[in-house]
Amino acid sequence: MVRALVWAAVVATLGCLPEIRTASDASSDAAGDAAVDAGSPPDAVGPPDVPPSDVGADVATVDVFDAPAPLDGGDAGGDLGSDLGSDTGQDVPLMAETAIDAGPDVFDGGHDVPRVDATTADAAEVGPDVPMCAMGQTLCGGACVDTQRSAAHCGACGTACRVGETCAAGLCFGRRLAAGGGSACFIRDDRSVVCWGNNDAQKLGLASPRIIQPPRVIDTLPPLRSIAVGRQASFGLGVSGQLRGWGENISGQLGLGTVTQQELPSTISGVSAVASAEPGNGFSCLRLDTGAVHCAGRNQAGHLGDGTAQPSNTFVQVPLPAPSIKLSSGQGHSCAVLMDGRVVCWGENQSGQAQPGSTEAQLSPRIVAGVAGAVDVAVAGLSTCAVLLDGQCLCWGTNGGGQLGRGNLDPSSAVAPTASSARFRQVAAAQHFFCAVETSGIVDCWGENAAGELGNVGRNFTTPQPISGLSSVETLACGDSFCCVLMAGEVWCWGSNSSSQLGTPESFTPQPVPQRVPLPR
């Protein structure tokens with residue numbers, strides 16, 4: 001009686017299970033049926049014959065008192081969970097598939113149920129199952145991926161973005177959101193560029209006006225895959241790799257071979273395969289796909305890192321000890337993360353921002369002792385911070401406004417972690433403060449607070465503190481006393497608004513709470 005009830009319950013359960021079938025099941029079933037029919041004359045009609053030795057048709061067994069077999073995760077033990085423990089009762093037939101796999105397999109999520117009979121243990125499955133991808137995904141290399149967001153298969157299977165680029169709307173982008181001085185720019189999904197804020201020296205690519213408000217499309221720019229905005233000049237990387245520069249060029253920082261200001265974007269020759277650009281104060285540096293770094297502009301304190309103090313209006317190579325993966329330039333110094341996780345810096349060093357424990361200018365790159373396993377770096381005015389693979393943030397340089405995030409104003413320039421248990425994945429900086437994106441997508445800021453850039457008015461933070469209203473942040477960029485983030489496809493900014501760098505029309509009031517930028521559609 002007990003067995004009859006168990007059997008009835010199993011049959012009732014099977015009647016409620018959804019049908020699941022893969023492309024390989026048909027071939028596997030056919031092969032299995034052929035094996036069963038071997039030696040038996042075919043019937044004119046009806047299902048294949050079953051050898052008398054089989055208990056039922058295509059029967060799997062399960063011990064009533066053993067651990068239950070999983071119904072949807074594959075057959076880990078080879079017989080749908082039968083004999084997982086010691087036998088304390090007789091095996092009870094679990095399922096008989098009508099007509100020997102004539103219908104779909106339902107117990108193993110798309111894998112054939114191994115056949116069990118008097119002479120054969122679990123038979124090998126015939127051929128792998130073909131994955132069925134969800135809506136919006138494509139089968140690439142045996143895995144289901146979203147080609148609209150996968151950097152390894154951006155737009156199509158096998159179309160990979162370059163190192164450091166992300167995939168959005170099926171297109172590869174480098175730095176989509178950039179800020180510098182009192183300006184910001186964003187590359188939209190169609191690769192057109194929208195900018196707002198201070199347009200001094202035409203660094204936003206327009207001859208006029210001085211302040212761009214509200215945000216507008218910069219029609220002098222071609223479609224871009226990456227953009228960088230500095231205090232005086234800007235750079236854009238075209239879809240096919242052409243590098244363009246525009247804005248102030250009095251020190252030759254655009255690398256054009258001249259010292260003439262560029263009101264409109266101009267193509268820069270002499271360098272190729274550029275991965276990213278970093279405009280500093282009177283100088284600029286580029287990182288190439290190879291990991292090499294080249295700089296141009298003023299050089300009286302080693303800004304170009306070439307071992308001399310001679311300026312150059314064309315890009316000269318920086319002698320790095322190894323290829324770089326990240327680069328940041330600021331007021332007077334630059335730092336790069338090398339492929340092995342070390343950090344090197346060069347340039348101005350009056351506060352130990354390039355080489356802790358020293359105040360001498362660094363004419364060539366030098367390894368920063370105490371930093372290992374770095375994945376990102378950001379250069380402020382007189383300070384530097386690096387994010388490590390484990391999420392820690394190490395900082396060094398001046399600390400007069402709490403820029404090192406240690407919870408004090410200790411003047412020591414030594415390398416030390418911030419006083420925060422948070423784990424970060426990106427760091428950005430401006431003159432006197434830092435902000436970083438936590439692995440959870442929250443943004444924390446610390447340092448001086450001139451105009452609400454730390455998320456409040458008039459109070460400095462000596463430890464990283466979260467900015468309210470932000471979550472799932474994709475990327476972060478900071479300029480003078482303000483920052484912007486990309487979040488769910490929209491740009492949000494906070495802090496100073498003296499040049500309309502927050503993008504808010506008809507307003508120059510600082511905003512410590514993030515404001516959505518009204519980008520043109």
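Only this structure's heavy atoms are used, side chains among them; waters, hydrogens and symmetry mates stay out.
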Novice: When rounded to the nearest 0.5 angstrom, what distance separates CG in Leu221 from OG in Ser192?
Specialist: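 Those atoms lie 10.0 Å apart.
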Novice: Using a 6.0 Å cut-off, check whether atom CG of Leu389 has over 12 heavy atoms from anything other than its own residue.
Specialist: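 Check fails, neighbour count at 12 or below.
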Novice: Ignoring hydrogens and angles, state whether a donor on the side chain of Gln511 or Thr509 is under 3.5 Å from an acceptor on the partner side chain.
Specialist: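 There is no such pair (donor and acceptor under 3.5 Å, judged by atom type) between the side chains of Gln511 and Thr509.
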Novice: So, do Leu404 and Thr418 sit near enough that their side-chain heavy atoms are less than 4.5 Å apart?
Specialist: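 Not in contact.
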Novice: In terms of side-chain heavy atoms, does Asn281 have a donor or acceptor partner in Gln232 at a distance below 3.5 Å?
Specialist: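 Checked: Asn281/Gln232 side chains pair up, N/O donor to acceptor below 3.5 Å.
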Novice: Centre-to-centre under 6.0 Å for His294 and Phe315, is that the case here?
Specialist: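 Distance test on ring centres: not under 6.0 Å, no.
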Novice: How far apart are the closest heavy atoms of Pro464 and Asp444, and which atoms are they?
Specialist: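 Closest heavy-atom pair between Pro464 and Asp444: CB-CB, 3.9 Å.
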Novice: Tell me if a side-chain donor or acceptor on Asn249 pairs with a main-chain N or O of Thr260 at a distance below 3.5 Å.
Specialist: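 Yes; at least one donor-acceptor contact below 3.5 Å.
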Novice: Please report whether the SG atoms of Cys285 and Cys295 are separated by less than 2.5 angstrom.
Specialist: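 Between Cys285 and Cys295 there is a disulfide, given that their SG atoms are under 2.5 Å apart.
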Novice: State whether cysteine residues Cys484 and Cys478 meet the disulfide criterion of an SG-SG distance below 2.5 Å.
Specialist: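 The sulfur gammas are not closer than 2.5 Å, so no.
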Novice: Strictly distance-based, threshold 3.5 Å: is any side-chain N or O of Ser334 a donor or acceptor partner for the main-chain N or O of Trp346?
Specialist: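 Checked: no pair found.
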Novice: Mind running side-chain hydrogen bond (donor to acceptor under 3.5 Å, both in side chains) on Gln431 and Gln331 for me, showing each step along the way?
Specialist: CA-CA 7 Å; Gln431 287 294 92; Gln331 176 177 304; 2.7 Å; yes
Novice: Mind running side-chain hydrogen bond (donor to acceptor under 3.5 Å, both in side chains) on Thr384 and His333 for me, showing each step along the way?
Specialist: CA-CA 9 Å; Thr384 305; His333 75 293; 2.8 Å; yes
Novice: Counting only heavy atoms not in Arg149, do more than 12 fall under 6.0 Å of its CZ?
Specialist: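 No, because the 6.0 Å sphere around CZ of Arg149 holds 12 heavy atoms or fewer from other groups.
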Novice: Start with the C-alpha gap between Asn399 and Asn408, add the side-chain angles, then the distance that decides, and say whether side chain to side chain contact (heavy atoms under 4.5 Å, CB included) holds.
Specialist: CA-CA 8 Å; Asn399 194 35; Asn408 56 48; 3.5 Å; yes
Novice: Measure the shortest side-chain to side-chain distance between Leu502 and Phe482 over non-hydrogen atoms and say whether it is less than 4.5 angstrom.
Specialist: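 In contact.
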Novice: Taking Gly197's backbone N and O only, do any of them form a donor-acceptor pair with Ser499's side chain (distance below 3.5 Å, no angle check)?
Specialist: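 Not confirmed, Ser499 side chain does not pair with Gly197 backbone.
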Novice: Would you indicate whether Arg216, at its atom CZ, is surrounded by more than 12 heavy atoms from other residues, nucleotides or ligands within a distance under 6.0 Å?
Specialist: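 Not more than 12 within 6.0 Å, no.
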Novice: Might you work through the side chain to side chain contact (heavy atoms under 4.5 Å, CB included) test for Val375 and Val337, ending with a clear yes or no?
Specialist: CA-CA 7 Å; Val375 295; Val337 178; 5.9 Å; no
Novice: Test disulfide (SG to SG under 2.5 Å) on Cys157 and Cys140 and set out the steps.
Specialist: CA-CA 5 Å; Cys157 293; Cys140 296; 2.0 Å; yes
Novice: Is it the case that the side chains of Gln202 and Gln261 hold a donor-acceptor pair, with the cut-off being a distance below 3.5 Å and no angle test?
Specialist: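 There is such a pair (donor and acceptor under 3.5 Å, judged by atom type) between the side chains of Gln261 and Gln202.
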Novice: Inspect the contact between Asp200 and Arg210 and indicate whether a charged nitrogen and a carboxylate oxygen are less than 4.0 angstrom apart.
Specialist: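 Yes, Arg210 and Asp200 are salt-bridged.
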Novice: Taking side chain as C-beta onward, heavy atoms only, is Leu382 less than 4.5 Å from Gln350?
Specialist: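 Yes. Closest side-chain heavy atoms under 4.5 Å.
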Novice: Please check this pair: side chain of Asn299 against backbone of Leu304, looking for a donor-acceptor N/O pair closer than 3.5 Å.
Specialist: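 Yes, because the side chain of Asn299 sits within donor-acceptor range (under 3.5 Å) of the backbone of Leu304.
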Novice: Working note: Ser496 + Ser481, criterion side-chain hydrogen bond (donor to acceptor under 3.5 Å, both in side chains); need CA distance, chi angles, decisive distance, verdict.
Specialist: CA-CA 5 Å; Ser496 174; Ser481 301; 5.3 Å; no
Novice: Between Arg287 and Ala292, is there a donor-acceptor pair closer than 3.5 Å when you use the side chain of the first and the backbone of the second?
Specialist: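 Checking the backbone N and O of Ala292 against the side chain of Arg287, no donor-acceptor pair under 3.5 Å is found.
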Novice: For the pair Arg459 and Glu453, evaluate salt bridge (charged side-chain N to carboxylate O under 4.0 Å, His left out) and give the outcome as yes or no after the intermediate values.
Specialist: CA-CA 10 Å; Arg459 181 185 174 195; Glu453 57 266 47; over 6 Å; no
Novice: Is any side-chain heavy atom of Met487 closer than 4.5 Å to one of Glu474?
Specialist: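 No, too far: nothing below the 4.5 Å cut-off.
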Novice: Yes or no on side chain to side chain contact (heavy atoms under 4.5 Å, CB included) for Ile268 and Leu256, after CA distance, side-chain angles and deciding distance?
Specialist: CA-CA 6 Å; Ile268 299 170; Leu256 294 167; 3.6 Å; yes
Novice: Check the side chains of Ser240 and Gln242 for a donor-acceptor pair under 3.5 angstrom, ignoring hydrogens and angles.
Specialist: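 Gln242 vs Ser240: donor-acceptor pair found between side chains.
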Novice: Which heavy atom of Val473 sits nearest a heavy atom of Thr475, and at what distance?
Specialist: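 In terms of heavy atoms, the two residues are closest at CG1-O, 3.5 Å.
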Novice: State, to 0.1 Å, how close Gly370 and Leu394 come at their nearest heavy-atom pair, and which atoms those are.
Specialist: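 Distance-wise, the nearest heavy atoms are O-CD1, 3.7 Å.
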Novice: Nearest heavy-atom pair of Ala275 and Leu237: which atoms, and what distance?
Specialist: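 Taking every non-hydrogen atom into account, O-CD2, 4.2 Å.
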Novice: Please state whether the sulfur gamma atoms of Cys154 and Cys161 sit closer than 2.5 Å to each other.
Specialist: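 No.
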Novice: Regarding Asp410 and Ser412, is there a side-chain donor-to-acceptor distance under 3.5 Å anywhere?
Specialist: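 Short answer, no.
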Novice: Counting only heavy atoms not in Ile250, do more than 12 sit closer than 6.0 Å to its CD1 atom?
Specialist: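 Check fails, neighbour count at 12 or below.
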Novice: Does any N or O in the side chain of Ser251 come within less than 3.5 Å of the main-chain N or O of Gln253, such that one atom is a donor and the other an acceptor?
Specialist: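 No; zero donor-acceptor contacts below 3.5 Å.
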Novice: Any side-chain heavy atom of Leu338 within less than 4.5 Å of one from Ile325?
Specialist: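 Not in contact.
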Novice: Using the ring of each side chain (for Trp, its six-membered ring), is Phe283 parallel, tilted or perpendicular to His303, with breaks at 30° and 60°?
Specialist: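 Tilted.
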Novice: Hey, what do you get for Cys445 versus Cys435: SG atoms under 2.5 Å apart or not?
Specialist: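 Yes, disulfide present: SG-SG under 2.5 Å.
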Novice: Could you tell me whether the side chain of Arg188 and the main chain of Pro520 form a donor-acceptor pair under 3.5 Å?
Specialist: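 The answer is yes, because a donor-acceptor pair under 3.5 Å joins these two groups.
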Novice: Between Arg175 and Glu278, does any NZ, NE, NH1 or NH2 come within less than 4.0 Å of an OD or OE carboxylate oxygen?
Specialist: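 Judged by the 4.0 Å cut-off on N to carboxylate O distance, Glu278 and Arg175 do form a salt bridge.
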Novice: Is the shortest heavy-atom distance from the side chain of Val513 to the side chain of Trp494 under 4.5 Å?
Specialist: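 A side-chain contact is absent here, since even the closest heavy-atom pair is not under 4.5 Å.
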Novice: Could you report the tightest heavy-atom contact between Val415 and Pro356, atom names first, then the distance?
Specialist: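 Closest pair (atom of Val415, atom of Pro356, distance): CG2-CG, 3.8 Å.
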Novice: Compare every heavy atom of Gln317 with every heavy atom of Asp306, then report the nearest pair and how far apart it is.
Specialist: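 In this case the closest contact between Asp306 and Gln317 is CB-O, 4.0 Å.
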Novice: Is a donor from one side chain sitting under 3.5 angstrom from an acceptor on the other, for Gln392 and Asp390?
Specialist: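 Yes, side-chain donor-acceptor contact under 3.5 Å.
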Novice: Quick one: does Trp246's side chain have a donor or acceptor within less than 3.5 Å of a partner on Lys203's backbone?
Specialist: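 Present.
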Novice: Between Asn349 (side chain only) and Gln362 (backbone N and O only), is there a donor and an acceptor less than 3.5 Å apart?
Specialist: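 A pair under 3.5 Å: no.
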Novice: Any heavy-atom pair between the side chains of Asn456 and Asn449 that's under 4.5 Å?
Specialist: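 Sidechains of Asn456 and Asn449: in contact.
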Novice: Using a 6.0 Å distance limit plus a 45 degree cone around the ring axis, check whether Arg191 lies over the aromatic ring of Phe173.
Specialist: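 The answer is yes, since Arg191 meets both limits relative to Phe173.
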Novice: After noting the C-alpha distance and the side-chain angles of Ser500 and Gln213, does the key distance pass the side-chain hydrogen bond (donor to acceptor under 3.5 Å, both in side chains) rule?
Specialist: CA-CA 6 Å; Ser500 194; Gln213 180 199 60; 3.2 Å; yes
Novice: When you look at Val293 and Leu286, which way does the side chain to side chain contact (heavy atoms under 4.5 Å, CB included) test go after all the steps?
Specialist: CA-CA 6 Å; Val293 171; Leu286 309 175; over 6 Å; no
Novice: If you measure only the distance, is there a donor-acceptor pair under 3.5 Å linking the side chains of Asn199 and Ser183?
Specialist: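 Looking only at side-chain atoms, Ser183 and Asn199 do not form any donor-acceptor pair under 3.5 Å.
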Novice: Sub-3.5 Å donor-acceptor pair from the side chain of Arg231 to the main-chain atoms of Gly180, do we have one?
Specialist: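 A pair under 3.5 Å: no.
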Novice: Determine whether Cys483 and Phe433 make a side-chain contact, defined as any pair of heavy atoms from C-beta on separated by less than 4.5 Å.
Specialist: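 In short, these two side chains touch, coming nearer than 4.5 Å.
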